[in-house]
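Report on the following structure.
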There are 2 protein chains.
Amino acid sequence: MFKSLSKPKKRLADQVYEQLLDAIHQGVILPNDQIVQEKLAEQFEISRTPVREALLRLEQEKIIEVAKRGGFKIRIISERETEEIYRARAAIECYAMRMLAAQSTPALLEQLRHTIQQAENLTEYSVKAYFRANQTIHRAFVVATENRYLLEMFDNTWNRGTSFRLFASIDAEAMAQSLGGHEALVDAIASGQPELAFQAMLEHIDDGLHLQQGEL
Amino acid sequence: MFKSLSKPKKRLADQVYEQLLDAIHQGVILPNDQIVQEKLAEQFEISRTPVREALLRLEQEKIIEVAKRGGFKIRIISERETEEIYRARAAIECYAMRMLAAQSTPALLEQLRHTIQQAENLTEYSVKAYFRANQTIHRAFVVATENRYLLEMFDNTWNRGTSFRLFASIDAEAMAQSLGGHEALVDAIASGQPELAFQAMLEHIDDGLHLQQGEL
DNA sequence: TTTTTGTATACTGTATACAGTATCCGAATT
DNA sequence: AATTCGGATACTGTATACAGTATACAAAAA
């Protein structure tokens, strides 16, 4: 009869967290920008407390770090670290592939193919758009395992590699080619052979790393 | 000449976090216990703010959750979830095994064997002691990869589901036997065959799951 | 010029205050 | 006896206040 009046009951801190993460991903906040609690609080028109809680979380996730004058700034990821991230990704995503190959069903394959086609249909040709599509597709594999821990690790890992997604100057053609390689992953799952599926994803991820490192 | 006076510069929130996590692992705080900010603040003899920050982090890590009267309580993990945790562990630790097998050196093997022997040499024969030894050993494999992201995922995963409480009902003999199986993992690494190392760890972890589920 | 030193400034971290909301409980009602 | 209802209670979430510390900068000393 009546509309529910109960609020989504979301903490301000969580909303701030999401907005800040987005701002970092979108390049609204840049490395070397000084991130200050009071400044943000003013912009959000709230007190410092929830802002602080959001920043604390971002710091804990190693996305930002304490800066010179006390404030925070975006943490820059070294090349060495980027490689570590890619290995972590491999651990998660390749294992997911194994799981999927071991319990492959036509419905699963269909769904994955659908997601891929949907995501590959870019409306805009930018590095940003490429990353978004790529992430959507890769995430779909992990989602399909129905394992919330794997998914959480996936999200955490992907949220971190932020700096490079903005500055990477990837050749458009190479980008499109890499994006097109995802169907083959589904084929690997369809084979029903875990080790084959594993290897397919491993090579795909390594390709991505090389792509980013400009070692075409 | 003089002793440094600079404090370890640790936030109270972090110290509270550590102590609470420990209390949960040790069974000092039990499920259904009501966890209240003000109560804790009083016990720690600090204000509510840092306590709140620590609780927020524990909640974010899904270790605690909001309880009835507003406070928090330990989150209980379903059997389904336990399995998911074990799959997540497998993803991390089995991949680590692969990496180690691919770059195995005598020094590495030596170090792992040393850690294992050290840890197996229990000073106390309790479930808690077995649990700790087991964790130390498994962690050593991940540490050896020198990948901080893998290690972080390992720690997060273990902090959550693998509270010793879950092992409370496990037969001591079975546990001792499981503890002895770790040398074989090093042998698998020594073989230099990634897939073999992978499989060895996978089976070992699955054994652990069955042990915990009482399906001996 | 370079180095030292004092002081202002920009921040954080912690404490405290306050308002709001879900739960509980006991008395009133059926 | 079961249900409803009002108020007390137990908490949280957010705002504010305050003290402390690292940096920056300008003036003094070398």
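Order of the sequence lines sets the chain letters (A, B, ...), proteins ahead of strands, with each chain counted from 1.
Rounding to whole angstrom units, NZ of residue B:K73 and C1' of C:dT23 are separated by 14 Å. Rounded to whole angstrom, the span from the NZ atom of B:K10 across to the C1' atom of C:dT14 amounts to 18 Å. For the pair B:Q15 CD and C:dG13 P, the interatomic distance rounds to 13 Å; values are reported in whole Å. If you take CG of A:L12 and C1' of D:dT12, they are 13 Å apart, rounded to a whole angstrom.
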Can you give me the N/O atom pairs linking the protein to nucleotides 8-11 of chain C at distances under 3.5 Å, or say none if there are none?
from   : atom 1 : to    : atom 2 : distance (Å)
C:dT9  : O2     : A:R69 : NH2    : 3.0
C:dA10 : O4'    : A:R69 : NE     : 3.4
C:dA10 : O4'    : A:R69 : NH2    : 3.2

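For B:R69, the side chain to side chain contact (heavy atoms under 4.5 Å, CB included) partners two or more places apart in sequence, or in a different chain, are B:Q34. Evaluation of the ring pair (Phe, Tyr, Trp, His ring centres under 6.0 Å) rule for A:F198 yields B:F198 as partners, not counting sequence neighbours. With sequence neighbours left out, B:F154 forms a ring pair (Phe, Tyr, Trp, His ring centres under 6.0 Å) with B:W158.
For A:T145 and A:Y95, the side-chain atoms include no donor-acceptor pair closer than 3.5 Å.
Counting heavy atoms from C-beta outward, B:L21 and B:L58 have side chains that approach closer than 4.5 Å.
Scanning residues 40-53 of chain A for heavy-atom distances under 4.0 Å to DNA chain D yields A:I46, A:S47, A:R48, A:T49, A:P50.
Pairs engaging residues 17-32 of chain B under the salt bridge (charged side-chain N to carboxylate O under 4.0 Å, His left out) rule: B:K10-B:E18 [sequence neighbours left out].
Remark: the backbone N or O of A:L100 is not paired with any side-chain donor or acceptor of A:S104 at under 3.5 angstrom.
Judged by the 6.0 Å and 45° rule, B:R89 forms a cation-pi pair with B:Y86.
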